[in-house]
Protein chains: 2
Amino acid sequence: MATDNRNIHRKIGRSTTRTKCPTPFLSKTYDLLEEQEEENNNNNNIKVVSWNGEGNGFVVWCPDEFSEVMLPKYFKHNNFSSFIRQLNTYGFKKVASKRWEFHHEKFQKGCRHLLAEITRKKCEPSVFPTYLNPSKKSTLLLARNNQENTTRQLLMEENQNLKKEKMELQLQIAHFKTLEMKLLQCLSQCVENPHNKTRRLF
Amino acid sequence: MATDNRNIHRKIGRSTTRTKCPTPFLSKTYDLLEEQEEENNNNNNIKVVSWNGEGNGFVVWCPDEFSEVMLPKYFKHNNFSSFIRQLNTYGFKKVASKRWEFHHEKFQKGCRHLLAEITRKKCEPSVFPTYLNPSKKSTLLLARNNQENTTRQLLMEENQNLKKEKMELQLQIAHFKTLEMKLLQCLSQCVENPHNKTRRLF
DNA sequence: GGGAATATTCCC
DNA sequence: GGGAATATTCCC
């Protein structure tokens, strides 16, 4: 089984933006390339995987060996297609027809810090039955959905406003209570010392 | 790495209802129990996992050994918590406080055919796969609809309550204003006629 | 126990 | 290449 220290620091990344970490897939793929680069330099074996010449992408030279030997070291599988699926999820592009060469603007040799800027392509969950064609989706159901969302949105806004108004009213009441106390104090002093007219009320 | 023949027949299950198969998690967990039962019968070692006495549930007697040894044989991990997470996803219930014993109505010794009736709990409002029949679709739609109605209902109730509270607060403020006015009146009278102590304030 | 992000698989 | 189901992880 692949060792899995992933996300050991990602909790930090989730709560703050400045310390965010790349996802396990990106870190591991980068690690894999760095470590294999080491291997490639230390012997003259045929390369399995490497950065490309410009360092702005990488090439899987031997998909079979890559899948059987390297993938299980870093991931929980040995399927080339699963690896490719992940690359696609993160927006990598296959840039050659005869080689398994992939590029991503933020995936470059020597630039590990860029990894944190790579994001998964978000696929928002479809609310619509698959048997409906796109035009129907965009008219009927989308409209209905929008209407519901709008209603909820309006209710939530009204809710927020009401809470704010409530808070302001409570603040006013607090002020009135303070004022009342002071007035009563003054009154009692006034009654006790009726001649002390120089005393300032507030 | 765990061998993974999962879903080798599930494609059939996706396209028709009559030949549907249980998910890999359920099949594997069932396999695991059957195979371990064999083990338990063939030697006198301490049990790691087994069906319970009634055969209507199972017990993990040794979570550590179970996680380290058995889980990786069937799944892509060795974490007991991930296994538990899956059990919860499928609606299994922990039925003992001192043992790791789990029940599910459709998970019984000798009843592999029942597995196909177990479904994952997560009822996503997102998809209505084509293999669902109309009644199931409408059930899902209704559920989703109900969920939305409930949300709106709750928001509307909260709004009503907030409005009521606001009204009460405004009433309080009105009272405070009257009170303030009266107090100020009294004070001014008091200052003007300091000896008139018999005058009632209110 | 379960929500949600990420990973892996399956299918088109 | 990507949609979607299931699996695994992380977090509350």
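What you see below is based on every heavy atom in this structure, not just the backbone, and it leaves out hydrogens, waters and symmetry mates. A quick note: this is a predicted structure, and the numbers were derived from the prediction, not measured.
- Across C:dG1, C:dA7, D:dA7, the shortest atom-to-atom separation from the side chain of B:Pro24 is found for D:dA7.
- For B:Glu39, the side chain to side chain donor-acceptor pair (under 3.5 Å) criterion is met by no residue, not counting sequence neighbours.
- For A:Arg120, the side-chain contact (heavy atoms from CB on, under 4.5 Å) test picks out A:Gln86, A:Thr89, A:Tyr90, with sequence neighbours left out.
- Heavy atoms of B:Phe83 sit nowhere under 4.0 angstrom from any nucleic acid atom.
- Below the 3.5 angstrom threshold, one finds no donor paired with an acceptor across the side chain of B:Arg85 and the base of C:dG1.
- Closest contact between the side chain of A:Asn88 and the listed nucleotides D:dG1, C:dG1, C:dA7 involves D:dG1.
- In this structure, of C:dT9, D:dT9, D:dG2, it is D:dT9 that holds the atom nearest to the side chain of B:His77.
- Backbone-only engagement by B:Tyr90 is indicated by non-hydrogen atom pairs under 4.0 Å involving sugar-phosphate atoms exclusively.
- Distance CD (B:Gln86) to P (D:dA7): 5 Å, rounded to an integer number of Å.
- The aromatic rings of B:Phe25 and B:Phe92 stand perpendicular to each other, their planes meeting at an angle above 60°, with 30° marking the opposite boundary.
- Among the nucleotides D:dT8, D:dG2, C:dA7, the one closest to the side chain of A:Arg120 is C:dA7.
- Note: CZ (A:Phe80) to P (C:dC10) measures 17 Å, nearest angstrom.
- Every residue two or more places apart in sequence or in another chain was checked for a side chain to side chain donor-acceptor pair (under 3.5 Å) with A:Ser82, and none qualifies.
- Comparing the end axes of the helix from C:dG1-D:dC12 to C:dC12-D:dG1, each fitted to five base pairs by superposing C1' atoms of four pairs onto the next four, gives an inter-axis angle of 0° (nearest 10 degrees).
- The side chain to side chain donor-acceptor pair (under 3.5 Å) search around B:Glu65 returns none, not counting sequence neighbours.
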Acceptor/donor pairs from residues 110-119 of chain B side chains to any protein atom, 3.5 angstrom cut, sequence neighbours excluded:
from, atom 1, to, atom 2, distance (Å)
B:Arg112, NH1, B:Asp31, OD1, 3.1
B:Arg112, NH2, B:Asp31, OD1, 2.8
B:Glu117, OE1, B:Lys106, NZ, 2.8

